[in-house]
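No hydrogens, no waters, no symmetry mates; every other heavy atom, side chains included, goes into these values.
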Amino acid sequence: MKGTQGVGELGQNLSLGPQTNHQRIDKTITHSGASSALANKGMAIEALGSRVLRYGLVLVVGWIGLMKFTGYEANGIQPLVAHSPLMGWMYHFLSVQQFSAGLGVVEVAIAILIGLRPWSPKTSTVGSALAVVMFLSTLSFLFSTPGWEPSLGGFPALSAMPGQFLLKDVVLLGAAIWSLGESLTSASMRAAE
């Protein structure tokens, strides 16, 4: 049948996951009219989604990082950090506000590094890798800070704080992993040119 592809051929022409704009431009998809238009719309939506994903990650990490300079945020994270075997020891030589401000500097730096992707994929790779480590660290609070709601019978019922508050980091971790992979791919493609 003209204009159609078998599953194997289609799998070779379409890759899973977000791609760079250069990869999209180079793609050739042979579909009949309606399928081709739908595929083009899908790729345009996916490209938009990848931008929202990356710069949404930048916005969230940067904004939360800036909030770390406030007493409100410093006191808000204090119980999480205090219960953490990875970070609790830092309160032995840093005040709650000093630790929070230091963390804020790191988070704002990570956001800037990720946001530099159009100019430097290598820099974005570093920022994305740091974001992965950061989100894995914050997700560890789910296990070190009591987060199960006793009035609902405990596990698996998450409390609002810290349980539900921290659970969103699973999605942010996924965004950081995607950003790391996409930036790494782009950096290696630029190096090969």
Side-chain angles (χ1 to χ4, degrees), residues 10-29 39-70 73-74 77 80-81 84-87 89-90 94 98-144 165-193:
L10 184 60
Q12 291 172 356
N13 289 332
L14 297 175
S15 65
L16 297 176
Q19 304 162 357
T20 65
N21 288 334
H22 298 322
Q23 290 170 315
R24 283 187 207 294
I25 292 169
D26 294 339
K27 281 253 182 253
T28 314
I29 302 175
N40 288 337
K41 285 180 184 178
M43 286 192 297
I45 291 169
E46 187 179 339
L48 174 63
S50 68
R51 285 185 183 91
V52 171
L53 186 60
R54 171 171 285 111
Y55 292 103
L57 180 64
V58 168
L59 177 67
V60 169
V61 172
W63 197 322
I64 292 172
L66 290 172
M67 290 296 297
K68 295 289 191 292
F69 294 96
T70 67
E73 182 70 12
I77 65 168
L80 301 171
V81 174
S84 171
L86 299 174
M87 293 180 229
W89 57 272
M90 293 184 143
L94 293 174
Q98 288 170 330
F99 174 80
S100 184
L103 187 56
V105 169
V106 170
E107 290 176 348
V108 169
I110 288 171
I112 291 169
L113 293 172
I114 294 170
L116 291 173
R117 163 60 182 84
W119 301 278
S120 177
K122 284 183 182 180
T123 302
S124 185
T125 299
V126 171
S128 300
L130 290 170
V132 168
V133 171
M134 179 182 69
F135 289 122
L136 287 173
S137 298
T138 58
L139 281 169
S140 74
F141 296 156
L142 278 171
F143 306 102
S144 61
F165 170 76
L166 293 172
L167 199 58
K168 71 180 178 345
D169 284 2
V170 174
V171 176
L172 293 170
L173 173 63
I177 291 169
W178 168 81
S179 180
L180 173 60
E182 191 282 331
S183 297
L184 192 58
T185 300
S186 182
S188 65
M189 287 173 61
R190 279 194 186 181
E193 290 177 353

Which pair of non-hydrogen atoms, one from G115 and one from Y55, has the smallest distance, and what is that distance?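 Nearest heavy atoms, G115 then Y55: O-OH, 3.4 Å.
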Looking at F99 and M87, what are the two nearest heavy atoms and their distance?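 Heavy atoms of F99 and M87 come nearest at CZ-SD, 3.9 Å.
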Got a sec, which residues hit salt bridge (Lys or Arg N to Asp or Glu O under 4.0 Å) with K122, two or more places apart in sequence or on another chain?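 With neighbours one apart ignored, the set is empty.
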Donor-acceptor under 3.5 Å (S179 side chain, A175 main chain):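 Checked: no pair found.
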Quick one: does any side-chain atom of S84 pair with a main-chain N or O of L80 as donor and acceptor, under 3.5 Å?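 Answer holds: no.
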Atom [atom1] of [X] and atom [atom2] of [Y]: how far apart are they, to the nearest 0.5 Å?
X    : Y    : atom1 : atom2 : value
I110 : L130 : CD1   : CG    : 5.0 Å
I114 : T123 : CD1   : OG1   : 11.5 Å
F69  : E107 : CZ    : CD    : 9.0 Å
L173 : K168 : CG    : NZ    : 12.0 Å
N40  : I45  : CG    : CD1   : 11.0 Å
L103 : T138 : CG    : OG1   : 9.5 Å

So which of I64, L59, L57 actually passes side-chain contact (heavy atoms from CB on, under 4.5 Å) with V61?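 With V61 as partner, I64, L59, L57 yield a single side-chain contact (heavy atoms from CB on, under 4.5 Å), made by L57.
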By side-chain hydrogen bond (donor to acceptor under 3.5 Å, both in side chains), which residues pair with S100, not counting sequence neighbours?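 side-chain hydrogen bond (donor to acceptor under 3.5 Å, both in side chains) list for S100, sorted by chain: empty.
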Just to verify, what does S140 make a side-chain hydrogen bond (donor to acceptor under 3.5 Å, both in side chains) with, not counting sequence neighbours?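 S140 satisfies side-chain hydrogen bond (donor to acceptor under 3.5 Å, both in side chains) with no residue once adjacent residues are dropped.
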Note, [X] side chain near [Y] side chain (heavy atom, < 4.5 Å):
X    : Y    : value
S50  : E182 : no
P121 : M189 : no
L136 : V133 : no

Does the pair I77 and K68 meet the rule for a side-chain contact (heavy atoms from CB on, under 4.5 Å), with working shown? CA-CA 9 Å; I77 65 168; K68 295 289 191 292; 4.0 Å; yes
Check the pair R54, S183 against side-chain contact (heavy atoms from CB on, under 4.5 Å), reporting the backbone distance first and the verdict last. CA-CA 10 Å; R54 171 171 285 111; S183 297; 3.4 Å; yes
Going through the distances and angles, do F135 and V170 end up as a side-chain contact (heavy atoms from CB on, under 4.5 Å)? CA-CA 8 Å; F135 289 122; V170 174; over 6 Å; no
Option among S124, S128, S186 that satisfies the side-chain hydrogen bond (donor to acceptor under 3.5 Å, both in side chains) test with R117: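 So the option named by the test is S186.
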